[in-house]
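First the proteins, then the strands, lettered A, B, ... as listed; each starts at 1.
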Protein chains: 2
Amino acid sequence: MPRKANQNASRAATLHDVAGKVGVSAITVSRALNSPDLVSEKLREQILAAVDELGYVPNRSARTLVSSRSHTVAVLIPSLSNTVFIDTLAGINEVLDPKGYQILIGNTAYDDEKEERLLRAYLSHAPDGVLLTGTRQRPEMRQRLARLGIPAVHMMELDPSNERFCVGFSQDEAGRQITRHLLDRGYKRIAFFGARLDPRVMQRLDGYRKALQAAGCYAPELEYLNPRPSRIGMGVEMLEVLRQEHPDCDAVFCCNDDLALGVLTGCHRTGIKVPEQLAVAGFNDLEGAAWAMPTLTSVRTPRYKVGFEAASLLLGLMEGQTPAQKQLDLGFELRLRGSS
Amino acid sequence: MPRKANQNASRAATLHDVAGKVGVSAITVSRALNSPDLVSEKLREQILAAVDELGYVPNRSARTLVSSRSHTVAVLIPSLSNTVFIDTLAGINEVLDPKGYQILIGNTAYDDEKEERLLRAYLSHAPDGVLLTGTRQRPEMRQRLARLGIPAVHMMELDPSNERFCVGFSQDEAGRQITRHLLDRGYKRIAFFGARLDPRVMQRLDGYRKALQAAGCYAPELEYLNPRPSRIGMGVEMLEVLRQEHPDCDAVFCCNDDLALGVLTGCHRTGIKVPEQLAVAGFNDLEGAAWAMPTLTSVRTPRYKVGFEAASLLLGLMEGQTPAQKQLDLGFELRLRGSS
DNA sequence: CTGAAAGCGCTTACAG
DNA sequence: CTGAAAGCGCTTACAG
């Protein structure tokens with residue numbers, strides 16, 4: 001029997017509605033739901049039955065307001081269309097979802113200012129913790145989070161200054177090692193194709209430079225950098241320019257697999273033999289890399305694990321723990337295939 | 001001068017803190033922020049300055065609790081690793097973000113029960129509206145939303161019964177037309193490769209069957225259905241089986257581009273000429289389709305627009321409007337390329 | 001244009 | 001094991 005018969009929408013059932021139905025106080029219902037051991041079994045069963053019958057769903061806002069725990073974590077990533085971050089998100093979700101945390105996904109579009117705006121906006125949700133991509137956030141934002149007691153973990157990169165909590169791997173070292181691999185195979189005129197030019201791409205470029213400089217093969221004119229988002233088509237176009245300007249180039253390290261797949265496509269269309277005439281290496285080792293023709297040499301990055309471990313670390317911080325170390329280096333793996 | 005000097009975290013500034021600083025009441029601050037015209041310019045400026053200085057961020061929980069508008073929309077999609085839904089999400093975001101809505105993304109993993117669980121859990125956020133994928137939700141869930149006055153819009157499919165608000169296109173008709181295209185090209189033994197077997201794939205299959213039956217070419221043994229998630233590798237494997245079991249098959253319609261790309265790869269590896277020996281068609285027209293070798297015939301689906309229009313429709317419903325029609329058919333386009 | 005009162009739905013101490 | 005009191009930070013009417 002409804003207490004009030006609205007013609008359209010009726011308001012949602014509250015704790016009091018459940019309490020009234022069972023004949024106990026609201027607080028007992030709250031306990032039955034949140035700390036079942038504190039309530040007698042008999043009552044608990046009655047309450048659960050009433051909850052079910054009324055379709056009662058706790059109101060998060062009320063809970064958050066009074067308990068000052070929102071059970072919410074804000075996650076800021078640069079892109080949703082990049083598999084890398086989707087995999088990271090999956091790892092985060094794996095950890096946080098079972099613990100009852102709601103994840104707020106913020107897409108920064110690789111824009112530092114938008115990231116800051118989003119972070120500020122997310123403060124209105126009083127998140128219990130924050131997961132950030134990279135380490136380029138301004139110190140003011142970090143201080144603000146610290147003042148509010150909101151822990152933050154940075155993903156993908158490491159922090160040499162050891163000031164922030166970071167879970168990732170050395171982008172720089174990964175770039176160095178894959179370039180070193182090309183050198184070891186005998187290639188000397190090795191180009192770099194970079195798109196988007198976010199901090200991680202620039203770190204891979206740094207590694208590329210280090211390897212070539214150490215080998216005495218560094219040639220700045222072989223660096224092709226384009227700030228726009230990477231697409232397969234961009235790889236095709238960059239290859240055209242490269243062949244025109246530097247036909248003697250014998251290998252290309254692409255900052256990601258999309259670009260590399262484009263290079264492979266371009267080579268196929270124009271009859272360039274891979275790796276005989278041109279070796280190609282990508283980065284991230286997405287699904288397509290192993291199925292490309294020829295199969296694509298790449299760097300396997302632990303993005304699922306980055307998400308998983310970052311969320312785990314954050315979980316500890318949110319529970320007030322002090323972790324043993326601030327940096328978690330998850331490494332990477334070279335995947336050497338047919339294209340090199 | 002902080003009122004209380006906590007050693008660690010200090011609590012966030014409240015409306016009262018801002019009000020106290022300026023010397024007005026909290027409600028005036030609230031108005032300065034939410035309905036600026038109702039406050040004198042002088043006061044408004046002072047208040048905004050104080051807000052800035054204190055780093056005040058409104059508490060959403062309090063606002064939601066008292067206003068019974070959460071400015072939150074729950075979006076349930078089957079997968080985050082499928083570009084289709086990422087594009088849809090982008091369209092949704094384009095509409096809802098500027099209006100100040102927070103989007104809660106729920107990944108149902110193509111699981112009806114998980115979808116229902118998520119939807120129930122999201123009720124605790126008191127969403128102002130809900131965006132769902134497909135139309136397979138149980139009537140009970142719809143009734144529950146209706147009772148709570150929460151509008152819902154379904155994406156990707158249409159609803160022949162016209163009971164629900166839907167923005168999408170006819171999956172069935174798209175499957176029929178692409179199959180019809182293959183028939184028109186002269187292919188007769190046309191196989192269907194299906195993965196995941198979610199409702200939309202099954203509708204495409206229906207369309208495939210209709211086209212073949214109408215042409216008198218339907219052969220059930222040419223349907224290859226695998227409930228597991230589609231991967232490029234699955235396309236390769238399915239092709240192997242097909243060639244073994246039905247070497248006379250002259251064309252394949254794949255339920256999505258990943259599978260089709262796998263078929264293309266398999267053909268390349270085993271020397272099957274496309275389209276001379278085997279024509280291939282995919283679905284969705286992802287970026288890779290236009291770059292495949294040969295280029296892949298596919299069906300261009302309006303997923304960004306589905307998100308955009310679904311969000312727009314929901315926006316209207318949340319504001320109490322009654323839209324002219326419940327179904328919005330956004331159509332699709334055949335992209336005929338080298339593989340057929 | 002500004003404010004005092006009331007209350008949204010919960011949980012946190014504090015009692016018993 | 002159960003409950004009465006207080007209050008989280010806001011906004012909604014209602015006054016003036």
Side-chain angles (χ1 to χ4, degrees), chain A residues 3-4 9-47 50-51 54-72 100 123-126 128 148-149, chain B residues 3-4 9-47 51 54-72 100 123-128 148-149:
Chain A
R3 304 191 314 183
K4 206 198 295 180
S10 59
R11 66 168 183 59
T14 71
L15 216 44
H16 281 92
D17 296 333
V18 179
K21 192 171 182 74
V22 180
V24 294
S25 70
I27 183 174
T28 300
V29 178
S30 171
R31 272 196 283 254
L33 263 23
N34 299 316
S35 328
D37 335 319
L38 298 181
V39 176
S40 71
E41 197 181 320
K42 195 182 144 217
L43 230 44
R44 199 166 58 217
E45 276 170 16
Q46 289 182 54
I47 289 171
V51 162
L54 261 33
Y56 169 70
V57 177
N59 181 322
R60 271 200 185 228
S61 296
R63 171 195 247 235
T64 297
L65 191 56
V66 71
S67 71
S68 63
R69 296 221 71 196
S70 64
H71 298 270
T72 288
L123 256 27
S124 72
H125 291 271
D128 294 339
L148 293 171
Chain B
R3 304 193 315 187
K4 207 198 295 181
S10 59
R11 66 168 184 58
T14 71
L15 216 45
H16 281 91
D17 297 332
V18 178
K21 192 170 182 73
V22 179
V24 294
S25 71
I27 184 176
T28 301
V29 178
S30 170
R31 273 198 282 252
L33 264 24
N34 298 318
S35 328
D37 335 320
L38 298 181
V39 176
S40 70
E41 199 183 317
K42 196 182 141 216
L43 229 47
R44 199 166 59 218
E45 276 169 18
Q46 289 182 53
I47 289 172
V51 162
L54 260 36
Y56 169 70
V57 177
N59 182 320
R60 268 197 188 235
S61 297
R63 171 195 249 235
T64 297
L65 190 55
V66 70
S67 71
S68 64
R69 295 221 71 194
S70 64
H71 296 270
T72 289
L123 256 27
S124 71
H125 291 271
D128 294 337
L148 294 169

Subject >> Watson-Crick/G-U partner (both atom distances under 3.5 Å) of C:dA4 >> reply: none

**OP:** Scan every strand shown for a Watson-Crick or G-U wobble partner of C:dA13, both distances under 3.5 Å, and answer none if you come up empty.
**Re:** none

Original post:
With a non-hydrogen cut-off below 4.0 angstrom, is B:R60 in contact with a base, only sugar-phosphate, or nothing?
Top reply: nothing

Subject >> B:A62 or B:R31, whichever maps to the more 5' nucleotide of DNA chain C >> reply: B:R31

**OP:** Specify the residue among B:G23 and A:A12 whose closest nucleotide of DNA chain C lies further upstream toward the 5′ end.
**Re:** B:G23

Between [options], spot the one nearest the side chain of [X], thanks.
{"X": "B:R63", "options": "D:dT11, C:dC1, D:dG3", "answer": "D:dT11"}
{"X": "A:S40", "options": "C:dC10, D:dC10, D:dC1", "answer": "D:dC1"}
{"X": "A:L43", "options": "D:dG9, D:dT2, C:dC10", "answer": "D:dT2"}
{"X": "A:N34", "options": "D:dT2, C:dC10, C:dT11", "answer": "C:dT11"}

Subject >> Separation of D:dA13 P from B:L38 CG (nearest whole Å) >> reply: 14 Å

Distance below 4.0 Å between [X] side-chain N/O and [N] OP1 or OP2:
{"X": "B:N59", "N": "D:dC8", "result": "no"}
{"X": "A:S67", "N": "C:dT11", "result": "no"}
{"X": "A:T28", "N": "D:dG3", "result": "yes"}
{"X": "B:S30", "N": "D:dC10", "result": "no"}

Subject >> Spacing of NE2 belonging to B:H125 relative to OG1 belonging to A:T72, to within rounding of 0.5 Å >> reply: 6.0 Å

**OP:** Select from A:V24 and B:Y56 the residue whose nearest nucleotide in DNA chain D is closer to the 5' end of that strand.
**Re:** A:V24

Original post:
Starting at the 5' end of DNA chain D and moving along, which residue's nearest nucleotide shows up first, B:P58 or B:I27?
Top reply: B:P58

Subject >> Pair A:S25-A:T28, side-chain donor/acceptor within less than 3.5 Å >> reply: yes

Subject >> Donor-acceptor contact below 3.5 Å, side chain A:R31 vs main chain A:P36 >> reply: no

Original post:
Can you tell me if A:S70 uses its side chain to pair, donor with acceptor, with the backbone of A:A126 under 3.5 Å?
Top reply: yes

Original post:
Can you check whether B:T14 reaches B:N59 side chain to side chain, under 4.5 Å on heavy atoms?
Top reply: no

